[in-house]
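Side chains are part of it too, since the values below use all heavy atoms of this structure and drop only hydrogens, waters and symmetry mates. A quick note: this is a predicted structure, and the numbers were derived from the prediction, not measured.
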Amino acid sequence: MKLEIVRGCIFGFLLVIVQYSLAQEKPNIILLYADDISARELPIYGSTVWSLPKGGDTSDEQYRAQTPVLDHLAEEGIYVKTAWAATICSPSRAMMMTGRYAHQHKWWHNSDKGKAPNKKGSWNLYDSAPYTLEDIAHKGGYATYWAGKTQMKISGFNFDEACFTPGEGSYNTPIATTDFRLETRKINGQKKIFNADTNQEATSYVQSGWYWKPHVQLLNHPKATGPLEWWPNNKAAKDTFGLNTFGPDVELEFIFDFMERKQQEKKPFFVYHTSHLGHDAMDFLNPESKSKWPGTPKISWDGKTYTRIQPNVTGDNGVYDTHGTITESGIHHHINYLDYQVWRYRNKLKEMGIANNTIFIFCADNGTSGYGKGSPVSQKGTHVPLIIYAPGMNMTKKGLQDILVNMSDMLPTIAEIASVKIPDSYEVNGESLLPFLTTDKPKHREWIYGYHKDMQIIRGDFVLKDGKNDWWDVSENPDDLISFKKIKDWRAVSEAHRKERDELNKVLPRFNLHATAHDAPKNGLEKPTPLQLIEDNK
């Protein structure tokens, strides 16, 4: 009986893929990867608690994000109850881009990365994983674009074009386009951080402006004079660039330009949009404030349409007047602005006539700053939102899905959408979501995994083991999405709980290599078998 069910599922899945490929060209793919946003911050997840502007928890509705567009996509598409990343930025982005865990790519934490084979510097992500997102997309015939945050060396990746707002890093040599940066200076032999705009010492990590008056670099733009060029790079852009220029808006305009050009070329596109929105940062317009999240342009929703107020910022050298055109601090404003940008995406896709041939994915890299980011406790650091909207895919699921998904699942999912075959000999830790989305398959995977330096985090349907080696009963859903019962006496839980604990304990040794295989293999990687298009095998 079980064998018949499996055969039925496989046949159904193959039938859907064949029908889908015959019905239309390969769908465009937009992956919007937001920064430091816990699932609890989105109203669709129904949490009774969310984040305050200066950090901490609140149930005050005035600090609740309003996301009518994302809500609609979640209800008409699907959203995943329990999606996990790693606990902090770089390891999560490594997981996303490679489909692999830290035992493979060696990015254990932002400040804990395995050394390269020659022991000179950390192992580059593109060296640790020959197949990254853009490689998969290229093999499937897609044009590729990367926009937003990088947080890694970009030279070894193969995206066709990009628009970066680098953010991190000290640009001690002034950049002509902006003075919104924090830079390191040596004072009496000691390194100190200064705000280049005010010339005052700052208490922060070294960073550059990616929100207002942003640092922007273009990669391989057809009108640029070189492969990597600072923007604004032409008279029209220079005439309008300034205090009222908002980095996320710049990114989106370049994405739209790329989408239009690729449509004219009749080529499907893959957009990897790694937005800074959600990430706390230096508020250069209010350098004396203690705010965690700089304000965004003000927007309003009338039930059908967003209206954006044109920013009007004046001043210089740390003294600025926003004239009421910019919001107060708060992650809820960042999420609201993401919703506005998703609305703009939808309008653009409709205008281009490709709304029904575009798959839109919204997710985040780790938990909210001041709440979950960097936390190995329970699923605080790992629990993120995941929404998939694909109106042309004929998905068999709709709305909330009580399944387990890992950010590593995105790469094999995109590979399957693109009809790309990853060699069986190449270890990928993610699992494609496409069979779950397009058939009557009731479950996606049995467990999900996260990591934080040498700590491992894993959960199934009944139990969760966190980085502190505490076990939690996750069989019931707390109102705040996190207040699970800690398991202190295994005799007090069911046999199903104990059985799942034993199964999860069998999984962990495969990935627990921080102490024994922290760095890259001495000889690097063997040359992998080339990727293949599924059509090649027919």
Side-chain angles (χ1 to χ4, degrees), residues 2 6 38-40 45 47 80-88 91-92 95 99-104 108-109 366-367 371-372 374-384 386 400-409 412 427-433 436 441-518:
K2 289 184 178 178
V6 170
S38 294
R40 74 171 191 168
Y45 280 90
S47 175
V80 174
K81 177 182 171 184
T82 309
W84 271 21
T87 64
I88 204 162
S92 280
M95 185 195 294
R100 309 170 103 183
Y101 302 147
H103 74 293
Q104 295 266 51
W108 308 95
H109 198 260
N366 50 253
Y371 163 70
S375 174
V377 175
S378 186
Q379 61 177 18
K380 273 190 173 184
T382 57
H383 189 204
V384 293
L386 174 60
L400 178 63
Q401 303 301 312
D402 190 0
I403 58 173
L404 304 174
V405 178
N406 188 275
M407 289 301 108
S408 65
D409 296 340
E427 182 181 344
V428 172
N429 302 122
E431 298 179 22
S432 173
L433 267 161
F436 174 81
K441 185 181 178 185
K443 195 170 186 177
H444 172 53
R445 57 190 298 165
E446 298 295 328
W447 51 267
I448 47 177
Y449 177 82
Y451 40 88
H452 179 95
K453 296 185 180 179
D454 60 340
M455 303 176 190
Q456 298 191 99
I457 311 169
I458 193 168
R459 72 161 282 176
D461 294 321
F462 296 97
V463 298
L464 178 157
K465 189 198 80 69
D466 70 11
K468 300 292 186 180
N469 292 318
D470 288 323
W471 287 88
W472 304 82
D473 181 353
V474 294
S475 61
E476 295 183 1
N477 305 313
D479 290 341
D480 63 356
L481 312 186
I482 196 67
S483 295
F484 302 111
K485 294 178 181 178
K486 188 180 290 189
I487 301 175
K488 298 180 180 179
D489 182 359
W490 284 100
R491 295 170 299 180
V493 296
S494 73
E495 176 61 26
H497 288 70
R498 293 189 291 271
K499 182 179 179 181
E500 189 172 79
R501 172 203 60 189
D502 295 341
E503 292 300 318
L504 297 182
N505 275 329
K506 291 177 184 177
V507 171
L508 290 173
R510 291 169 48 195
F511 312 129
N512 189 22
L513 302 182
H514 185 273
T516 58
H518 180 274

Practice problem: Determine whether the aromatic ring centres of Y449 and F511 lie less than 6.0 Å apart. | Solution: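 Here the rings of F511 and Y449 have centres that are less than 6.0 Å from each other.
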Quick one: salt bridge (charged side-chain N to carboxylate O under 4.0 Å, His left out) partners of [X], sequence neighbours excluded?
X    : answer
R40  : D57
R445 : D409
E495 : R498
K506 : E503

Quiz prompt | Any pair counted as salt bridge (charged side-chain N to carboxylate O under 4.0 Å, His left out), so long as it reaches residues 460-473, sequence neighbours left out | solution =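 Listed by first then second residue: K443-D461, D470-K486.
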Quiz item: Can you list every pair that meets ring pair (Phe, Tyr, Trp, His ring centres under 6.0 Å) and has a residue in residues 464-489, with sequence neighbours left out?
Solution: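 Matches after skipping sequence neighbours: W471-W490.
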Give me the atom names and distance for the closest heavy-atom approach of [X] to [Y].
X    : Y    : answer
R510 : W447 : NH1-CZ2, 4.1 Å
L386 : V405 : CD2-CG1, 3.6 Å
S483 : D480 : OG-OD2, 2.5 Å
V428 : G99  : CG1-O, 3.5 Å
H444 : F436 : N-CD1, 4.1 Å
M95  : A86  : CE-N, 3.8 Å

Quiz prompt | Counterpart residues, ring pair (Phe, Tyr, Trp, His ring centres under 6.0 Å), relative to H514 (two or more places apart) | solution =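 Ring pair (Phe, Tyr, Trp, His ring centres under 6.0 Å) check on H514 returns W108, H518.
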Partner residues of [X] under the side-chain hydrogen bond (donor to acceptor under 3.5 Å, both in side chains) criterion, sequence neighbours left out:
X    : result
D489 : R491
N477 : K81
S408 : N406
S92  : none

Find the distance between [atom1] ([X]) and [atom2] ([Y]) and round it off to the nearest 0.5 Å.
X    : Y    : atom1 : atom2 : answer
Q401 : L433 : CD    : CG    : 10.0 Å
N505 : I458 : CG    : CD1   : 8.5 Å
D454 : L513 : CG    : CG    : 12.0 Å

Practice problem: Could you tell me whether a side-chain N or O of Y451 sits under 3.5 Å from a main-chain N or O of H109, the two making a donor and an acceptor? | Solution: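 No.
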Quiz item: Do S494 side-chain atoms and A496 backbone N/O form a donor-acceptor pair below 3.5 Å?
Solution: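 Checking the backbone N and O of A496 against the side chain of S494, a donor-acceptor pair under 3.5 Å is found.
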Quiz item: Are the side chains of V384 and M407 in touch, meaning some heavy atoms are under 4.5 Å apart?
Solution: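 In contact.
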Quiz item: Should T82 and R459 count as side-chain neighbours, where that means a heavy-atom distance under 4.5 Å?
Solution: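 They are in side-chain contact.
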Exercise. Can you sort out the partners of Q104 under side-chain contact (heavy atoms from CB on, under 4.5 Å), two or more places apart, ordered by chain and number?
Key: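 Q104: side-chain contact (heavy atoms from CB on, under 4.5 Å) contacts with R100, E427, N429.
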